[in-house]
Each structure stands twice: as structure tokens, then as C-alpha cells.
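The structure appears right after this line, and notes come after that.
Both counts, for ligands and for their atoms, begin at 1 and track the order of listing.
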Amino acid sequence: MGDDRFTHVDLPQLEKRVLRLGVASNYGLQADDVLRAAQLGVGFWLWTPRFKTATAALARILPRERERHVVAVLASMAYTAGMVRRTAEKALSRLRIDQLDILMLPWLGKASLLTGAIADALLELKDEGKVRTLGTSIHDRERAGRLAEDSIFDAFMLRYNAKHPGAEQDVFTHLEVRSHMVFSYTATSWRQLIRPVAGIEMPPWPGADPGVPVPPMTPAMCYRFCLSSPHVHLTLTGPGDRAQLEENLAALEAGPLSAEEDEWIRRYGREVKARKRLPFV
Ligand SMILES: NC(=O)c1ccc[n+]([C@@H]2O[C@H](COP(=O)([O-])OP(=O)(O)OC[C@H]3O[C@@H](n4cnc5c(N)ncnc54)[C@H](OP(=O)(O)O)[C@@H]3O)[C@@H](O)[C@H]2O)c1
């Protein structure tokens, strides 16, 4: 068997091994694309009640091969304990499973609150066996760092990409490698890294023919950047269609970035960030 340390990961607490690209279906994937993704080895799915096109497909895949698939359910909003419980119970029923792998509070501090009552509700769901682990999506990185050190959360969903690598200082330093689950999203930084930006001059991509037109970054570079961090268990991809899905999954085969590639990507990310208003060409 080949070395699959870059392409697959054992998720702590869940004891499931999955491909390191998790799929979010809300940017255009249809039910048959979700089934195709599962055939191609995808085992991590972000789901919210709003991801309607994926629901029937996941309700087929998840009960059948429960040990191979992880579903992370992101509540749409969570301001009360009742909202949290209703999200979990609705997800169990819609996905036709007995236990959610991860129940996540959305955008902590904005779309959800961590009150005592909500924490109690989350822990009760865990005690009842309806939820295996708890997580949150969070933009406030300093708070994420504190929560990583001491909180009920087993999983963190964080913005992390070449333009916004700040989680390295603010959060990753608070994590013992692999002790929590860390999922990154916005690999393409809302597409800013993969759309041409006027006025940025870069040396050729390491090892590439000077005639090859980079920048911008390719989606493959974006996902490989995130996955090259030893603190990131997996990164989410939100493909617009099946062709993008297959292209992004194929990116894993290129393996981790070399030091030169990493340096190039960080420089490009800084260049993009330095432009306050992005002059896309
Ligand atoms: N919690 C939060 O605050 C928050 C914030 C952001 C995102 N999210 C969620 O996180 C999940 C992942 O989102 P993301 O922003 O991380 O997704 P992403 O993978 O960084 O970006 C997805 C977009 O990138 C483009 N793209 C992807 N692959 C491509 C390819 N091979 N070729 C060309 N273009 C490609 C597509 O844009 P086009 O459609 O233009 O082709 C696609 O819609 C989603 O469910 C999203 O809703 C959550």
C-alpha cells in the first residue's frame, strides 16, 4: 500500500479514517455528484438543513456505510438550547442515522452563542448518544485559541488560506498536534486567490516553465496549501460542479507543498492581501 499520509487522516475521537478533502455541496453539487464523490473516496461531509440537493444522497450513503463516513452538521443559527436540539434531531431524521459524528455551532458569536444553556444542551445530546462530538465554526481566532485550550469543543472549523494564514499563530499554537479536529475552509479565500488580480508580479511557479501563466493560484494549490499544515486534519472544498469536484480531488495526488512552493504561495497570498480593493482582471 502506498503512503497515504497526505491524502487520508485518522480523526481523533471519531476513530474514522477519511480523505482529507471534505465536501460541501451548497455551491452547486447535485445528488448524483455527491454519490460520485463517495465513489471517489470522499468520507467527510459538511451538511446543514439548507444543503437540500445533498440530503437524499447522504441519506443513502450514511446509513449504509456508517463506519466509513463522517457527517459534520452545522446548525444554521443557534441562539437557544431548543434551536440546538431541534437542529440535531432534524438532522438525524433527515439523514436517517442514529448518531451525528459532529454537531457544530455556526459562526460562534454571530450566528450562535455559547451560553450555559446551550452548552448543557450540547452535552445532553452527547450523553444521549445522538451526537458523538461537538464543534464550532469560528472567525474570532483569539477566542478559538482559548477554546482550543479549554472548552467542550472537539472540533474547530477555521478560516485558513494563503491570504489569511493567521490561524497558524492564533490557534494552531494552542493545539497539540492532532489533539482536536481542525477543519479549514475558505481555501480559495472566496475565490480571490484563484481569480486573476491586476498588477501582481510573481516569479515563475517553482520548477515551472517561465511561460506558464501563474498567478493566480490554481484551486489545487489552495487546497494543498491548507493540507500541508500539520495542524489541519482536513480542508473543505465547495465545488461548483462535478468537473471542479473531480479536479479538486485529483489535487491531493500532488502531495504536500515543497518549501519553495510554500514560499511562493505565501508571497502570493501577501500580495493579494496588500490590495485593499481587489482589481480583478
Ligand atoms: N462558517 C462560515 O462563516 C463560512 C464561511 C465561508 C464558507 N463556509 C462554508 O464552507 C464550505 C466551503 O466553502 P469554501 O469557501 O471553503 O469553498 P472553496 O472550496 O474555497 O471555494 C468554492 C468556490 O471556488 C471555486 N472553485 C472551487 N474549485 C474550483 C475549480 N476546480 N475550478 C474553478 N473554480 C473552483 C468555485 O467558484 P465558482 O462557483 O465561481 O466556479 C466554488 O464555488 C461551504 O459550505 C461554505 O458555505 C462557511
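- Linking Ile, Leu, Val, Met, Phe, Trp and Tyr whenever their side-chain heavy atoms come within less than 4.5 Å leaves Tyr27 and Leu74 in two separate clusters.
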Could you please spell out the steps behind the side-chain contact (heavy atoms from CB on, under 4.5 Å) verdict for Lys126 and Leu134?
CA-CA 8 Å; Lys126 213 171 158 178; Leu134 303 172; 4.1 Å; yes
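- Between Phe44 and Phe183, the angle of the ring planes lies from 30° to 60°, which puts this pair in the tilted group.
- Less than 6.0 angstrom separates the ring centroid of Phe156 from the ring centroid of His180.
- Aromatic ring centroids of Tyr160 and Tyr185 lie 6.0 Å or more apart.
- At a 4.0 Å heavy-atom cut-off, the residues surrounding ligand 1 are Ala24, Asn26, Tyr27, Leu46, Phe51, Ser137, His139, Tyr185, Thr186, Ala187, Thr188, Trp190, Arg191, Ile194, Pro219, Tyr223, Thr237, Gly238, Gln244, Glu247, Asn248, listed by chain and number.
- Here the closest heavy-atom approach between residue Leu14 and residue Val70 is recorded as CD1-CG1, 3.8 Å.
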